[in-house]
Amino acid sequence: MFYLTDIRVRFAPSPTGTLHIGGARTALFNWLFAKSIGGVFVLRLEDTDLLRSTEDSAQGILEGLKWLGLEWDEGPGKGGNYGPYQQSKRLHIYNEYLEKLLAENKAYYCFCSPDELKIERDNAMQAKRDYKYSGKCKCLSDSKKAELLSAGKPAVIRIKAPDEGKLIVQDLIRGNVEFSNSLLDDFIIAKSDGWPTYNFAVAVDDYCMKISHVIRAEEHLSNTPKQMIVYNALGFPLPLFAHVSMILAPDRSKLSKRHGATSVQEFRDLGYLPEALLNYLALLGWSSGEDIDFWAIDDMIKQFKLAGVSRSPAIYDIGKLTWMNGHYLAEENTEKVMVLLENEAKIRGWLNDNNREYFVKVIRLVQNRCKTLLEFFNMADYFFEEVSSYDEKGAKKYFNHENSLKILNDLNEIIKDTGEFKADSIENDFRHRAETLNMKAGDLIHPTRLSLSGRTSTPGLFELMEVMGKEMCIKRINNAIDYVHKLNLSN
RNA sequence: GGCCCCUUGGUCAAGCGGUCAAGACACCGCCCUUUCACGGCGGUAACGGGGGUUCGAGUCCCCCAGGGGUCACCA
C-alpha cells in the first residue's frame with residue numbers, strides 16, 4: 001500500500017497564451033490547498049508544444065501569478081529537488097520511461113501517417129461509428145519494425161491500453177467517476193518528433209515531482225483515465241484528483257478574447273487590485289459555508305477545503321468584481337494607492353516632484369468613490385487640468401438664469417473673505433451667506449461645484465475647495481463669470 | 001454523435017429529509033445628504049421537467065431536457 005506522506009500540488013499551465021481568470025482560480029485553489037495543510041505548491045510549465053509555446057507567454061503567466069501573490073515553492077526561478085520545471089527540459093526523463101514501456105512491451109511504434117489516420121477517423125465519423133485506432137502496428141513483426149525504423153520512417157509511440165474493465169477516478173470534488181476501458185484506444189504517448197504527448201508527460205511529471213493531489217480544471221477530467229493508464233503501465237501509484245469546474249463567460253460559453261477582459265494582466269491594467277481579484281475568484285466556486293463576502297487571505301487559507309469547491313460551472317460577473325474592487329480600493333492605504341497611480345499620473349503631467357502632497361490629498365478625496373484605479377483618472381482630472389467645459393445640464397441649470405452672475409460674484413466674495421481656507425470654515429461662510437441672502441445653501445453650492453470642476457458631481461465641495469486652495473478657486477469662479485458673460489451676450 | 005460532469009432568483013451562492021428556501025452583486029423604492037459615491041431600511045426575483053422512495057424531498061433514486069467538457073502526433 002502506498003501512503004502519501006507529503007502533500008504536494010502543482011499548477012501546470014502551458015505557455016501558449018495569457019493567464020486567464022480560470023487558470024488563476026485553479027492556481028489559487030492549489031495554492032490555498034497547499035497553504036491550508038502545509039503542503040508544497042509547485043509550478044510547472046507545460047511547453048511540449050514547441051510551435052505554440054512562447055517565452056513571452058511564460059513570463060506573462062509568471063508575472064500574473066506573482067502579481068496575485070500566488071508564489072510557488074518550487075518551479076521556474078525558484079528551483080527545487082524535482083526539476084527541471086519546464087517540460088521542454090525533461091526530454092531525457094520522458095525517454096527513459098518511454099524506453100521502459102517499449103522494453104516491457106507495454107508500448108509500441110506506430111508508423112501510420114497522420115493522413116492515414118485522418119481518413120480512418122473520417123470514415124468512422126461518416127459511418128457514425130466511434131473511432132478507435134485499429135491497432136494494426138501493434139502486430140508488426142520485429143524485423144519489419146526494425147526495417148521501417150532504420151529506413152527513417154516517421155513513427156509515434158502508442159501505449160497498449162486495456163480494452164476491458166473500467167477505471168475509477170477518485171475525485172475529491174466529484175466523488176468517484178467511472179470510465180469504461182472499452183472506450184479508449186492505444187493512444188499516442190510520443191509524437192514522431194520525439195516529444196511526449198500531454199497525457200504521457202503529465203503522468204510522468206506528476207509522479208516524478210511526487211504530486212499527491214492533482215487539482216485542475218474540469219476540462220481535464222476526461223483525460224484522466226488516459227493518464228491513469230500511463231500510471232498503471234509504469235507501476236506508479238495514483239495521486240488523488242480534484243477537478244474544478246470551469247469559469248464561463250456571461251453567455252455561458254467558454255471564456256475567450258471576445259468576452260472582454262479575461263486575463264489577469266488585463267484586469268491589472270484596468271485598475272483592479274490583486275486582493276480584490278483574488279477574493280472574487282475565490283468566491284466564484286468556493287464557499288466556506290459562512291456568510292462572508294470579504295476574505296483576508298489568511299482566513300481563506302484557514303477555511304479552505306476542497307469539499308467546499310463547487311461542482312457546477314460558474315459564470316463570472318464583472319459587475320460584482322468591480323463592486324468588490326471598489327471596497328478594496330476605498331480601504332487601501334492612500335500612500336499605496338499613490339504608488340499604483342504614479343506612473344500614469346506622471347505621464348499625464350498630473351504628478352511631479354513638487355506636488356506630491358497635493359496629489360495625495362486628491363487621492364484621499366477621490367479614492368473611496370472609484371471602483372477601479374483607472375476611474376481615478378476620469379474622476380480627478382479637474383484637480384490637475386483647467387476646466388475646459390461645463391456639464392451641459394449643469395450649465396443650463398446653474399449658469400443660465402438671471403441670478404447666475406450675481407451668485408458667482410457673491411461666491412467670489414465669500415471665498416476671498418474666508419480667513420482660514422479650511423473645509424469647516426468655508427462651509428460656515430457659505431451657509432451664513434445663504435441665510436443672509438435668503439437662499440438655500442444648495443443655491444450657492446451647486447454653481448460653485450460646477451465652476452470649480454465643470455461637473456455636477458464631485459467629492460464633498462468644501463473638502464474639495466480646501467484641497468484646491470483659495471487661489472485656484474477664485475480663478476475658476478472668475479472663469480465661470482467670463483463664461484456666463486459670454487453666454488448672456490449670445491442670448 | 002459516444003463518453004463524462006453539472007442544474008436553487010439575471011449572476012455568485014447557503015442548504016446536506018421537516019426552514020415563511022439565507023446572504024451578496026445587479027435592479028427598483030425610501031432614508032441620509034451640497035452633488036456623486038458610501039451607508040441604512042425595504043422590495044421584485046429561484047429549487048429545469050416528469051416519475052418514484054418517504055408521514056414528509058431543493059435535499060435520496062430513476063428517466064428526460066438543457067448547459068458545459070472531452071473525444072488531435074494541442075495542452
Side-chain angles (χ1 to χ4, degrees), chain A residues 12-17 46-49 51-53 87 110 112-114 117-118 121 125 128-132 154-158 169 171 173-175 177-180 182-185 187-199 201-202 217-226 243 245-246 248 250 252-254 280 283-294 310-324 326-327 330 366 368-371 379 394 427 430-431 434 440-446 448-450 453 455-462 464:
Chain A
S14 62
T16 54
E46 310 220 321
D47 54 353
T48 53
D49 184 344
L51 258 68
R52 294 198 306 144
S53 298
Q87 290 190 327
C110 168
C112 300
S113 73
L117 294 172
K118 188 174 184 315
R121 219 174 3 245
M125 274 248 273
K128 296 201 163 152
R129 285 192 337 262
D130 280 348
Y131 170 75
K132 279 177 73 170
V156 299
I157 299 174
R158 289 179 182 272
V169 179
D171 190 296
I173 295 173
R174 284 156 212 283
V177 182
E178 293 189 12
F179 294 88
S180 170
S182 63
L183 268 6
L184 265 24
D185 64 359
F187 58 93
I188 295 171
I189 55 176
K191 308 175 217 173
S192 54
D193 64 5
W195 285 90
T197 57
Y198 166 73
N199 286 122
V202 166
E218 191 196 331
E219 55 185 313
H220 293 292
L221 181 53
S222 306
N223 280 320
T224 307
K226 290 186 181 178
H243 288 94
S245 65
M246 319 226 336
L248 268 27
R252 305 200 123 269
S253 68
K254 211 171 169 177
Y280 176 71
L283 258 34
L284 190 64
W286 170 73
S287 167
S288 69
E290 296 160 290
D291 187 20
I292 297 173
D293 293 313
F294 292 96
S310 170
R311 285 176 289 272
S312 49
I315 295 168
Y316 92 102
D317 175 15
I318 194 160
K320 190 160 184 176
L321 201 211
T322 304
W323 164 80
M324 191 163 258
H327 273 266
V366 177
N368 58 359
R369 285 152 210 275
C370 299
K371 297 228 188 305
M379 283 178 72
E427 179 165 6
F430 261 67
R431 294 198 185 279
K440 285 182 289 181
D443 294 335
L444 296 177
I445 287 170
H446 294 301
T448 311
R449 166 174 291 114
L450 187 62
S453 68
R455 305 183 177 215
T456 53
S457 75
T458 66
L461 180 68
F462 306 113
L464 177 153

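In what follows, every chain begins at residue 1, and chains take the letters A, B, ... in the order their sequences are listed. From a predicted model like this one, the values you see are computed outputs, not experimental measurements.
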**OP:** Could you measure between the two P atoms, the one in rU8(B) and the one in rG48(B), and give it in whole Å?
**Re:** 6 Å

Original post:
Over how many whole Å does the gap from Leu248(A) atom CG to rU11(B) atom C1' extend?
Top reply: 12 Å

Subject >> Span that lies between the C1' atom of rU59(B) and that of rU54(B), in whole angstrom >> reply: 13 Å

**OP:** Return the set of residues passing side-chain contact (heavy atoms from CB on, under 4.5 Å) with Arg455(A) (not counting sequence neighbours), or none when no residue passes.
**Re:** Asp381(A), Tyr382(A), Ser453(A), Thr458(A)

**OP:** If a protein heavy atom is under 4.0 Å from the base, mark B; if only from the sugar-phosphate, S; if neither, -; do that for nucleotides 20-36 of chain B going 5' to 3'.
**Re:** ---SBB--------BBB

**OP:** Would you please name every residue forming a ring-ring contact (aromatic ring centres under 6.0 Å, His included) with His446(A), sequence neighbours left out?
**Re:** Tyr398(A)

Original post:
Going 5' to 3' along nucleotides 70-75 of chain B, which nucleotides have protein heavy atoms under 4.0 Å from the base (write B), which only from the sugar-phosphate (write S), and which from neither (write -)?
Top reply: S-SBBB

**OP:** Using the test side chain to side chain donor-acceptor pair (under 3.5 Å), find all partners of Asp185(A) that sit at least two apart in sequence or belong to another chain.
**Re:** none

Subject >> Residue pair Val366(A) / Pro459(A): nearest heavy atoms and the distance that separates them >> reply: CG2-CG, 4.1 Å

Please write out each protein N/O paired with an N/O of nucleotides 57-65 of chain B under 3.5 Å, distance rounded to 0.1 Å.
none

Original post:
Among all residues two or more places apart in sequence or in another chain, which pass the side-chain contact (heavy atoms from CB on, under 4.5 Å) test with Thr16(A)?
Top reply: Ser14(A), Arg52(A), Ser53(A)

Subject >> Minimum heavy-atom distance between Thr456(A) and Arg449(A), given as atom pair plus value >> reply: O-CD, 3.3 Å

Subject >> ring-ring contact (aromatic ring centres under 6.0 Å, His included) partners for Phe294(A), two or more places apart >> reply: Trp323(A), His327(A), Tyr328(A)

**OP:** Quote, to the nearest angstrom, the C1' distance that separates rC61(B) from rG29(B).
**Re:** 46 Å

Subject >> C1'-based separation of rC12(B) from rU7(B) [nearest Å] >> reply: 15 Å

Subject >> Between rA14(B) and rC64(B) - C1' atom distance, rounded Å >> reply: 28 Å

**OP:** Take Cys370(A) and Arg311(A), find for each the nucleotide of RNA chain B with the closest heavy atom, and name the residue whose nucleotide sits nearer the 5' end.
**Re:** Arg311(A)

**OP:** Search all heavy atoms of Ser245(A) against all heavy atoms of Arg311(A) and return the closest pair with its distance.
**Re:** CB-O, 3.6 Å

Original post:
Within this structure, what is the CG-to-P distance between Leu464(A) and rA37(B), rounded to whole angstrom?
Top reply: 17 Å

Original post:
Roughly how far, to the nearest 0.5 Å, is the OG1 atom of Thr322(A) from the OH atom of Tyr280(A)?
Top reply: 9.0 Å

**OP:** List in chain and number order the residues that pass ring-ring contact (aromatic ring centres under 6.0 Å, His included) with Trp195(A), two or more places apart in sequence or in another chain; answer none if no residue qualifies.
**Re:** none

**OP:** Round to the nearest Å and state the distance from Ile315(A) atom CD1 to rG9(B) atom P.
**Re:** 11 Å

**OP:** Return yes if some donor-acceptor pair links the side-chain N/O of Lys254(A) with the main-chain N/O of Met246(A) below 3.5 Å, else return no.
**Re:** no

**OP:** Please test Tyr316(A) against Leu321(A) for side chain to side chain contact (heavy atoms under 4.5 Å, CB included), starting from the C-alpha separation and ending with a verdict.
**Re:** CA-CA 9 Å; Tyr316(A) 92 102; Leu321(A) 201 211; 5.8 Å; no

Original post:
rG42(B) and rC55(B): how far apart are their P atoms, nearest whole angstrom?
Top reply: 41 Å

**OP:** Rounded to whole angstrom, note down the P distance from rC41(B) over to rG58(B).
**Re:** 31 Å

Original post:
What is the nucleic acid contact for Ser245(A), judged by heavy atoms within less than 4.0 Å: base, sugar-phosphate only, or nothing?
Top reply: nothing

**OP:** Kindly write out the residues that satisfy side-chain contact (heavy atoms from CB on, under 4.5 Å) with Ser253(A), not counting sequence neighbours, or none if the list is empty.
**Re:** Ala249(A), Asp251(A), Arg258(A), His259(A)

Original post:
Want to know the stems of RNA chain B: at least 3 consecutive Watson-Crick or G-U pairs with distances under 3.5 Å, which are they?
Top reply: B:1-7 with B:65-71, B:10-12 with B:23-25, B:27-31 with B:39-43, B:48-52 with B:60-64

Subject >> C1'-based separation of rC27(B) from rG1(B) [nearest Å] >> reply: 42 Å

**OP:** Using ring-ring contact (aromatic ring centres under 6.0 Å, His included) as the criterion, list what pairs up with Phe462(A), not counting sequence neighbours.
**Re:** Phe430(A)

